[in-house]
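First comes the structure, then the notes that go with it.
Quick note on labels: first sequence line is chain A, next is B, and so on, each numbered from 1. All values below come from the heavy atoms of this structure, side chains included, with hydrogens, waters and symmetry mates left out.
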2 protein chains.
Amino acid sequence: MVFNIIHAKQIFTDFLRKGSYRVTSERSEVLEFAFKQVQHFSADELFLAMKNEGSNVSRATVYNTLELLVKCGILSKHNFLGKESRYEKNLGAIEHDHLICVNCGKIIEFDNAEILKIQENICEKYGFVAINHSFITYGFCKNPDECKTNGKD
Amino acid sequence: MVFNIIHAKQIFTDFLRKGSYRVTSERSEVLEFAFKQVQHFSADELFLAMKNEGSNVSRATVYNTLELLVKCGILSKHNFLGKESRYEKNLGAIEHDHLICVNCGKIIEFDNAEILKIQENICEKYGFVAINHSFITYGFCKNPDECKTNGKD
DNA sequence: TTCCTAAATTAGATTTAGTCTAAATATCAA
DNA sequence: TTGATATTTAGACTAAATCTAATTTAGGAA
Ligand SMILES: [Mn+2]
Ligand SMILES: [Mn+2]
Ligand SMILES: [Zn+2]
Ligand SMILES: [Zn+2]
């Protein structure tokens with residue numbers, strides 16, 4: 001599991017070297033900007049944020065690098081409600097999951113170790129090797145007062 | 001839960017009446033074709049299949065009707081690997097889940113009541129009312145012989 | 001049954017996320 | 001330092017899904 005940007009850079013560099021990918025300034029830049037994001041973000045949002053702060057990394061490179069960052073475990077990628085892919089840092093011990101209000105868009109994050117156990121059992125049963133998972137519960141806020149402001153992300 | 005096409009038609013008509021939507025021949029046609037599908041299918045695949053068998057229902061109506069069929073519980077909608085949405089009939093007592101091989105594309109379906117319990121607990125904890133969920137484990141086939149034919153769906 | 005209005009349908013345009021291309025550039029092993 | 005080849009780039013392209021505005025239809029009222 002990843003802790004901070006120093007650690008993330010180490011992991012990324014090792015991953016690139018090990019896979020005989022090249023270590024480039026563009027890839028480092030994408031990692032740095034991705035790591036600065038505090039919420040879920042889309043590839044295009046990151047590309048625009050970078051551009052906005054003077055970066056010249058291309059859209060294609062942002063998309064490609066995000067995939068590499070997912071592969072080496074620094075980021076997670078989600079597809080909420082069939083919308084564009086959204087990414088986020090992977091910091092904790094457990095890959096967290098999401099509860100989404102289909103009414104106001106609120107996203108609640110939670111850790112649940114039991115889900116990992118279920119995943120293991122199922123993989124054992126069907127002869128699979130798990131890489132990761134996506135568990136999303138769709139519903140709505142019980143308290144109407146909390147279901148107003150569109151608290152996306 | 002839905003059992004067969006007769007039952008599905010009943011549920012759909014009730015849902016439409018109750019929501020003061022109109023009962024149209026196009027909506028019935030989409031339901032009939034959707035129900036004939038034996039595997040996961042995309043909106044466009046269904047549209048083309050219908051067209052191919054002489055139906056004149058438009059693409060927009062197919063897309064819209066599939067959403068209604070999801071809302072009333074007749075179909076489920078999935079987003080595997082961030083690709084186009086895929087639909088399927090909802091027949092059993094438990095909303096089944098999926099195991100996907102990122103190498104060969106194989107999809108294994110499984111029932112797991114524990115996941116529903118976890119969902120209930122989490123919703124209780126965070127003041128949510130669950131509608132449905134999506135649980136997908138990504139991984140690869142342990143047995144290389146089984147990981148060849150691209151057994152999609 | 002006929003009439004009327006809002007809802008639904010339609011073909012095709014548009015939007016959007018993401019991928020592809022081929023020319024220019026940079027990495028890194030030798 | 002050099003050169004093979006991996007990477008980056010701008011912009012073209014693709015595919016899924018949504019939107020539009022004109023036309024048709026469902027179903028309630030009379
Ligand atoms: Mn999250
Ligand atoms: Mn299924
Ligand atoms: Zn809400
Ligand atoms: Zn496989």
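- Side chains of Glu88(B) and Ser76(B): a donor-acceptor N/O pair is absent below 3.5 angstrom, by distance only.
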Original post:
Could you run down nucleotides 7-12 of chain D 5' to 3' and tag each one B, S or - for protein heavy-atom contact under 4.0 Å?
Top reply: SSBS--

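- With rounding to whole Å, Phe41(A) atom CZ is found 16 Å from dA17(C) atom C1'.
- In this structure, the side chain of Asn79(A) does not engage the main chain of Gly82(A) through any donor-acceptor pair within 3.5 Å.
- Geometrically, Lys83(B) does not engage Phe80(B) in a cation-pi contact, judged by NZ or CZ lying under 6.0 Å from the ring centre and within 45° of the ring axis.
- With rounding to whole Å, Glu29(B) atom CD is found 15 Å from dT25(D) atom C1'.
- Atom pair Arg17(B):CZ and dA26(D):P shows a separation of 12 Å (rounding to whole Å applied).
- As rounded to whole Å, 12 Å separates atom P of dT9(C) from atom CG of Leu66(B).
- Distance alone, capped at 3.5 Å, is enough to place a donor-acceptor pair between the Asn90(B) side chain and the Gly73(B) backbone.
- The two residues Cys123(B) and Leu99(A) come nearest to each other via the heavy atoms SG-CD1, 4.1 Å.
- Under the side-chain hydrogen bond (donor to acceptor under 3.5 Å, both in side chains) test applied with Arg86(A), the options His40(A), Gln39(A), Glu45(A) reduce to a single match, Glu45(A).
- Ser85(A) comes within 4.0 angstrom of sugar-phosphate atoms only, judged by non-hydrogen atoms across all strands, and of no base.
- Taking atom CG on Asp44(A) and atom C1' on dG18(C), their separation rounds to 9 Å, with Å as the unit.
- Note on the helix from dT1(C)-dA30(D) to dA30(C)-dT1(D): angle between the axes of the first and last five pairs equals 40°, rounded to 10 degrees.
- With respect to Lys9(A) and Glu32(A), a salt bridge is recorded, a charged nitrogen being found less than 4.0 Å from a carboxylate O.
- Relative ring orientation between Phe3(A) and His7(A) is described as parallel, the plane-to-plane angle staying below 30° on a 0-90° scale split at 30° and 60°.
- Atom pair Lys83(A):NZ and dT15(C):C1' shows a separation of 12 Å (rounding to whole Å applied).
- Rounding to whole angstrom units, CZ of residue Phe47(A) and P of dT19(C) are separated by 15 Å.
- Summarising the geometry, the separation between CD on Glu84(B) and C1' on dT16(C) is reported as 16 Å, rounded to the nearest angstrom.
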